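Below is one structure, written out as structure tokens; comments come after it.
What you are looking at is a predicted structure, and each value in this text was computed from that prediction instead of being measured.
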Amino acid sequence: MGKGGMSVDDHGKEKDGEEQNMAAWLVAINTLKIQPFKLPSIGPHDVRVRVKAVGICGSDVHYLKTMRCADFIVKDPMVIGHECAGIIEEVGSQVKSLEPGDRVAIEPGISCWRCDPCKQGRYNLCPDMKFFATPPVHGSLANQIVHPADLCFKLPENVSLEEGAMCEPLSVGVHACRRANIGPETNVLIMGAGPIGLVTLLAARAFGAPRIVIVDVDDHRLSVAKNLGADDIVKVSTNIEDVAEEVTQIHKAMGAGIDVTLDCAGFNKTMSTALSATQAGGKVCLVGMGHSIMTVPLTPAAAREVDVIGIFRYKNTWPLCIEFLRSGKIDVKPLITHRFGFSQKEVEEAFETSARGSNAIKVMFNL
């Protein structure tokens, strides 16, 4: 959990005989086990949440398959999961904004609020961030978690707990749109129609983008993007030699200058395409992190004054995400393609389904 915790080996029982909290532990490559997990005590500004919905993210799958994601390495057993929502069961003595029974979406990162980035309002860049399921911090695929109350956001009656859990991936798209200043005069190209590309499509439309073209290598995901409201789709290859020809296809599909490209894949080819396709004076926002090191045509892009910006996670996005969901400006429900319960067998099946990809977009646990 964000606040920390520890495993117990007492067959799921506390000393007073109550049922112990259970969680999905990543214990080795391709090995998840539902085991007891002892919650920390609740501080005055914390809440205890009964988790009801948890989505599987690509980073969760990376950890399962390799025990690492980018520079983060799992060295000890770790509770997995960070896209979550639940119901408040207990509040700390100083918590005034929430009460037991409230349904909440949960922002998974606890920043220090003391470093320069935090003081400057960019807490997502905090070097001491404690983020669910980012080693050595435990995650949220558990019956209950303890978390700061100010990172738990009350859901309106017409927003489900599953939609609340989707606020985490949606926040990535919202943060990208803010960083790229997307608005009613911004034509947008999106590289990649995976889960993040699709939520970024929804966010860009909610921010007012008048025309959005999305590209991918997969026909099924492109059809999903079209159904979600993309104005046009372009199927591309994985061959870097095809960039010039594909840029021509993309320009034809857009039918206007591309003001902003959001690269939601982050590979050599997608970034090269983004830099080449974006018009002079435009922006390329790197959202995906497929490659940690890339070789891309920066000099021609710089000569056209194409700005390259990056994003890392998000900041102050949950209230806007919830409002988008409440108002109906964004509908994330079509992205939830598979649902599983919280048994050992279902946890294994859910991660296998997510790892296979295919027609799976967002795999969700209902606890």
Side-chain angles (χ1 to χ4, degrees), residues 24 26 29-32 34 51-69 79-85 105 108 132-133 139-141 160-173 190-203 214-230 233 235-236 238 262-267 270 287-290 321 325 330-367:
L26 173 60
I29 288 178
N30 290 325
T31 306
L32 289 165
I34 294 183
V51 179
K52 303 301 290 184
V54 180
I56 296 179
C57 174
S59 65
D60 296 322
V61 176
H62 275 296
Y63 283 125
L64 177 63
K65 296 299 180 182
T66 66
M67 296 294 279
R68 68 179 298 158
C69 186
V79 177
I80 202 78
H82 63 269
E83 302 176 2
C84 56
F132 280 156
S140 59
L141 185 47
S160 71
L161 286 159
E162 286 189 339
E163 292 172 277
M166 288 294 292
C167 284
E168 199 281 337
L170 180 58
S171 285
V172 176
I190 297 175
M191 307 299 300
I196 292 299
L198 294 174
V199 293
T200 301
L201 161 66
L202 295 175
I214 190 165
V215 310
D216 200 277
V217 299
D218 185 87
D219 285 319
H220 174 72
R221 292 197 167 184
L222 286 172
S223 68
V224 172
K226 188 69 173 176
N227 290 336
L228 287 174
I233 55 177
K235 185 177 182 180
V236 294
T238 58
L262 299 153
D263 183 357
C264 296
F267 295 108
T270 56
V287 182
M289 297 183 178
C321 288
L325 296 173
I330 288 180
D331 182 7
V332 294
K333 294 188 291 294
L335 299 180
I336 304 170
T337 54
H338 295 73
R339 294 173 173 86
F340 292 87
F342 189 52
S343 67
Q344 179 68 42
K345 180 180 179 182
E346 287 177 293
V347 167
E348 292 172 356
E349 289 179 349
F351 272 87
E352 288 172 5
T353 300
S354 184
R356 278 197 306 269
S358 185
N359 64 339
I361 298 174
K362 181 57 62 178
V363 178
M364 185 74 65
F365 289 104
N366 295 132
L367 285 75

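Checked by atom type and distance alone, the side chain of Glu168 never pairs as donor or acceptor with a backbone atom of Glu83 at under 3.5 Å. Within the 3.5 Å criterion, the main-chain N or O of Ile29 finds a donor-acceptor partner in the side chain of Thr31. Although no hydrogens or angles enter the test, the distance criterion places a donor-acceptor pair under 3.5 Å between the side chain of Thr337 and the main chain of Ile361.
At a threshold of 4.5 Å between non-hydrogen side-chain atoms, the residues Phe340 and Glu349 count as touching. Under the 4.5 Å side-chain criterion, counting only non-hydrogen atoms from C-beta, Pro169 is in contact with Ile196. Two residues are said to be in side-chain contact when any heavy atoms from C-beta on lie closer than 4.5 Å; Val363 and Arg339 fail this criterion. Between Leu141 and Leu367, the closest side-chain pair of non-hydrogen atoms falls below 4.5 Å. The shortest side-chain heavy-atom distance between Val215 and Ile190 does not fall under the 4.5 Å cut-off. Residues Leu202 and Leu198 are not in side-chain contact: their nearest non-hydrogen atoms beyond the backbone lie 4.5 Å or more apart. Residues Met364 and Asn366 have side chains in contact (heavy-atom distance under 4.5 Å, counting atoms from C-beta outward). When side chains are defined from C-beta on, Ser160 does not count as touching Met166, because their heavy atoms never get closer than 4.5 Å.
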Determine all donor-acceptor pairs shorter than 3.5 Å in which one atom belongs to a side chain in residues 54-64; sequence neighbours excluded.
unit_1: Asp60; atom_1: OD2; unit_2: Cys57; atom_2: N; d: 2.9

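Remark: Lys333 does not engage Glu162 in a salt bridge, criterion side-chain N to carboxylate O under 4.0 Å. Salt-bridge annotation for Lys235 and Asp219: present, with a side-chain N of the basic residue lying under 4.0 Å from a carboxylate O of the acidic one.
Of all the heavy atoms in Ile34 and Ser343, the pair that sits closest is CD1-C, 3.4 Å. Nearest heavy atom pair, residue Gly357 against residue Arg221, reads CA-NH2, 4.3 Å. Smallest separation of non-hydrogen atoms from Ala230 and Ile214: CB-CG2, 3.8 Å. Of all the heavy atoms in Ala105 and Cys167, the pair that sits closest is CB-SG, 4.4 Å. Across Ala165 and Ala53, no two heavy atoms sit closer than the pair CB-O, 3.8 Å.
Not counting sequence neighbours, the partners of Phe267 by the ring-ring contact (aromatic ring centres under 6.0 Å, His included) test are His291.
Remark: the Lys65 side chain and the Asn30 side chain contain an N/O donor-acceptor pair separated by less than 3.5 Å.
Between Lys362 atom NZ and Leu335 atom CG the span is 8.5 Å, to the nearest 0.5 Å. How far CG of Asp331 is from CD of Glu163: 6.5 Å, rounded to the nearest 0.5 Å. Within the model, atoms SG of Cys84 and CZ of Phe365 stand 13.0 Å from one another, a figure rounded to the nearest 0.5 Å. Note that the CE atom of Met191 and the OG1 atom of Thr200 stand 13.0 Å from one another [nearest 0.5 Å]. Separation of atoms CG (Leu201) and CD1 (Ile233) is listed at 11.5 Å; rounding is to 0.5 Å.
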- Item | side chain to side chain contact (heavy atoms under 4.5 Å, CB included) between Val332 and Leu325, worked out | CA-CA 8 Å; Val332 294; Leu325 296 173; 3.8 Å; yes

- Decide side chain to side chain contact (heavy atoms under 4.5 Å, CB included) for Asp263 and Val287; before the verdict, give the C-alpha distance in whole Å, the side-chain angles of both, and the deciding distance to 0.1 Å. CA-CA 6 Å; Asp263 183 357; Val287 182; over 6 Å; no

